[in-house]
Amino acid sequence: DAGVTQSPTHLIKTRGQQVTLRCSPISGHKSVSWYQQVLGQGPQFIFQYYEKEERGRGNFPDRFSARQFPNYSSELNVNALLLGDSALYLCASSRTGTGLSTDTQYFGPGTRLTVL
Amino acid sequence: EDKVVQSPLSLVVHEGDTVTLNCSYEVTNFRSLLWYKQEKKAPTFLFMLTSSGIEKKSGRLSSILDKKELFSILNITATQTGDSAVYLCAVDENPGNMLTFGGGTRLMVKP
């Protein structure tokens, strides 16, 4: 089975622009979570979606938004980019998003966003 | 505010050494503690711990959780150069799958 896939791999934008990142979960997984990892730090939770509904949101401004599609893939949008948004954006999928011992989150390779 | 703290920040050892990585946490609604290995980009899952005092093992890696003292350790025995990576500890809170990560421990294993 293919793992979690993300696109694009790398992206360079300038301040004020908008960006859309994409994630396809593992087949059979219905929950997708997004994380931001700034260089040298651990990932920070942004959103979780399950069955197209937002289930959780981290401490990020409203410039960050996301959605999940009927095929369970997901997009993360960031508006009005700031230099501080430069980071690795990771997507993780799990079967149900409940955190049960049988419901581990598996991470994709990430999208490296650079804001100039 | 919920917090996960890992120590040491970085570690350099030689092949064959044994290492112990530490993770302490303060969260409101603990569900589980997870360990991931991050080599280049995607963190790869190692262990999920939910019960105190029960060791999880996978080859040369093992981990244990102490829910009373709010910490976990990850042990790696007979280290190899392929163990070089950042090791991330994360805590999951109810209702689940919204992980709070520590800052990671960078392990370098020299030949």
Side-chain angles (χ1 to χ4, degrees), chain A residues 2-10 23 25-26 29-51 53-60 87-113, chain B residues 1-10 21-25 27-52 54 56 58 63 65 72 74 85-106:
Chain A
V4 178
T5 59
Q6 293 186 243
S7 64
T9 308
H10 294 90
C23 171
I26 293 170
H29 285 194
K30 297 183 178 180
S31 175
V32 168
S33 298
W34 287 95
Y35 294 82
Q36 180 196 64
Q37 187 175 24
V38 172
L39 198 62
Q41 298 181 18
Q44 194 171 355
F45 172 73
I46 310 175
F47 286 111
Q48 187 201 17
Y49 275 78
Y50 176 69
E51 291 280 15
E53 298 287 327
E54 181 184 303
R55 195 182 257 182
R57 172 187 281 256
N59 191 21
F60 279 80
L88 180 67
Y89 288 85
L90 294 163
C91 171
S93 78
S94 66
R95 288 193 186 278
T96 65
T98 56
L100 293 171
S101 60
T102 54
D103 194 29
T104 308
Q105 285 191 76
Y106 294 92
F107 283 84
T111 293
R112 171 77 62 192
L113 172 65
Chain B
E1 188 179 305
D2 295 340
K3 221 165 35 166
V4 179
V5 178
Q6 292 186 244
S7 64
L9 287 178
S10 65
L21 310 183
N22 303 293
C23 176
S24 64
Y25 63 91
V27 298
T28 312
N29 210 358
F30 178 89
R31 188 182 186 97
S32 63
L33 186 143
L34 300 95
W35 285 95
Y36 286 87
K37 177 183 181 183
Q38 187 174 30
E39 291 178 83
K40 287 183 182 166
K41 283 193 174 181
T44 53
F45 172 76
L46 295 174
F47 298 112
M48 176 189 281
L49 302 143
T50 55
S51 301
S52 209
I54 297 176
K56 292 261 180 119
S58 177
S63 184
L65 174 67
S72 174
L74 175 69
V86 174
Y87 290 84
L88 295 165
C89 167
V91 173
D92 197 9
E93 298 181 72
N94 288 314
N97 274 11
M98 295 172 214
L99 302 180
T100 300
F101 281 87
T105 293
R106 182 173 293 279

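To find a chain, count down the sequence lines: A is the first, B the second, and so on, and within it residues start at 1. Keep in mind that this is a model prediction, so the values were computed, not measured.
Closest approach of A:Q105 to B:L99, counting heavy atoms only: NE2-CG, 3.3 Å. Between B:A42 and A:G108 the shortest heavy-atom distance is CB-O, 3.1 Å. Across all non-hydrogen atoms, the minimal contact from B:K41 to A:L90 is O-CD2, 4.0 Å.
At a 4.5 Å heavy-atom cutoff, the contact between B:L88 and chain A is made by side-chain atoms alone. Contacts of A:T9 with chain B are made by both backbone and side-chain atoms, with heavy-atom separations under 4.5 Å. Of the two parts of B:Q38, only the side chain, counted from C-beta on, holds a non-hydrogen atom closer than 4.5 Å to a non-hydrogen atom of chain A. Only the side chain of A:Q37 comes within contact range of chain B, judged by heavy atoms closer than 4.5 Å.
Checked against ring pair (Phe, Tyr, Trp, His ring centres under 6.0 Å), A:Y35 has the following partners two or more places apart in sequence or in another chain: A:F45, A:F107, B:F101. Considering only residues two or more places apart in sequence or on other chains, A:Q44 meets the side chain to side chain contact (heavy atoms under 4.5 Å, CB included) condition with A:Q36, A:F60.
Counting heavy-atom pairs under 4.5 Å between each of A:G56, A:S33, A:P109 and chain B puts A:P109 at the top.
No more than 12 heavy-atom neighbours from other residues, nucleotides or ligands sit within 6.0 angstrom of CZ on B:R106.
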